[in-house]
Participant: 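Structure in structure tokens, see below.
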Amino acid sequence: MTELRYLEDGDARRCEATVERTVDDRVVLDATVFYPEGGGQPADHGVLRAVDGDREWRVVDVQKQDTVYHHLDGDDPPAEGTRVVCELDWDRRHAHMRYHTAQHLLSALLLDEFDAATTGNQVYADRARLDCDHDRFDDDDLATIEDGLNELVDGALPVRWYEMDRETAEAELDTDRTRIGLLPDSITELRIVEIGGDGPAGACDRADAAADPYDRTACAGTHVGSTADIGTVTVTGRETRGADGERIRFVLE
Ligand SMILES: [Zn+2]
């Protein structure tokens, strides 16, 4: 089973690992910092570098199926047992972390201000979009959304997370906000991510979690440690999405 270092420490840019399996152009490692595509966040890119020798392989895609598969560029992947250093394309990952954390704020703000539930989202390294249940946003609404997001950024709210079993989470947390119902039944252990409220940033015990965070969501993505790291938010537009849905687009500076 691959140890998922990106869950323990979203700031980890590299780790050492051993190649457990090679399948065509894909390798399975015993540990990884590479985030596999999921939850609207793209896969990490980067390199695997042999600990012994000077071989290097570019990681061009990462997908999670039964375990995490690193897709490599070229047709000569490392053999099983090879020790490698995994190193992220950090600029790309950090952009995804900023956009993904901003998406948490936007989802919470849309529920608070418009009673609009998020139905989908996609972040990139230079833009993001989010779909929600809402009739139509006008220009004033978009200004309210943009101002609200930038206030939350200025507030430098801490981001923290902890593990929780699904049964407890479904019994004790507000499931509309945590969006647990969207997760497959196979997931029994949840990672709860909170933004805001009193308490430390980073990994914590549930006992140290905030009483009343701004956002609390079940999420296996990667996040910045403070909303101040997100940067200035500009809402770039909206469009109708389906019968009664809206799509909002935004960029960060
Ligand atoms: Zn998240």
Side-chain angles (χ1 to χ4, degrees), residues 4-12 32-44 62-64 68 88 90 92-112 116-132 145 148-149 152-153 155-164 166 169-170 173-184 187-197 199-204 206 209-210 213-231 233 248 250-252:
L4 308 177
R5 296 274 172 84
Y6 58 85
L7 286 180
E8 297 159 25
D9 180 8
D11 289 326
T32 190
V33 287
F34 284 92
Y35 178 79
E37 181 180 5
Q41 184 175 333
D44 284 336
V62 186
Q63 294 292 325
K64 190 159 189 244
V68 175
L88 295 182
W90 181 250
R92 174 182 162 91
R93 154 66 92 72
H94 193 245
H96 293 160
M97 288 162 65
R98 291 170 58 224
Y99 274 99
H100 175 75
T101 308
Q103 179 256 305
H104 276 251
L105 297 182
L106 177 54
S107 292
L109 188 145
L110 289 171
L111 266 186
D112 283 352
T118 296
T119 55
N121 80 92
Q122 181 66 49
V123 308
Y124 301 94
D126 61 353
R127 66 192 187 284
R129 58 175 160 78
L130 180 143
D131 297 339
C132 65
I145 290 165
L149 290 174
L152 293 163
V153 169
L157 308 180
V159 181
R160 71 183 70 85
W161 63 90
Y162 49 90
E163 303 283 334
M164 195 173 195
R166 185 176 187 139
E170 284 177 341
L173 303 182
D174 176 349
T175 48
D176 282 347
R177 284 197 162 268
T178 48
R179 301 195 284 282
I180 293 170
L182 297 178
L183 301 171
I187 297 179
T188 54
E189 189 68 14
L190 305 182
R191 185 164 175 267
I192 305 295
V193 178
E194 293 187 349
I195 304 180
C204 71
R206 195 184 167 218
Y214 184 73
D215 182 50
R216 178 188 282 138
T217 312
C219 182
T222 62
H223 312 83
V224 291
S226 163
T227 59
D229 299 334
I230 290 172
V233 184
I248 295 174
F250 66 93
V251 296
L252 304 176

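Numbering of ligands and ligand atoms starts at 1, following listing order. Source: prediction; values computed, not measured.
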Participant: If we ignore hydrogens and angles and just use 3.5 Å, is the side chain of Gln41 paired with the main-chain N or O of His96 as donor and acceptor?
Facilitator: no
Participant: Roughly how far apart are Thr32 OG1 and Leu4 CG, rounded to 0.5 Å?
Facilitator: 8.0 Å
Participant: Taking the Zn ion (ligand 1) as the centre, how many protein N/O/S atoms fall inside a distance shorter than 2.8 Å?
Facilitator: 4
Participant: Please confirm whether the backbone N or O of Asp229 pairs with a side-chain atom of Arg98, one donor and one acceptor, at under 3.5 Å?
Facilitator: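 It does hold such a pair.
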Participant: Would you please classify the geometry between the His223 ring and the His104 ring as parallel, tilted or perpendicular, with 30° and 60° separating the classes?
Facilitator: perpendicular
Participant: Looking only at atom types and distance, does a side-chain atom of Arg160 sit under 3.5 Å from a main-chain N or O of Gly196, one as donor and one as acceptor?
Facilitator: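 Checked: pair present.
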Participant: Do Met97 and Asp11 have side chains that get closer than 4.5 Å, going by heavy atoms?
Facilitator: yes
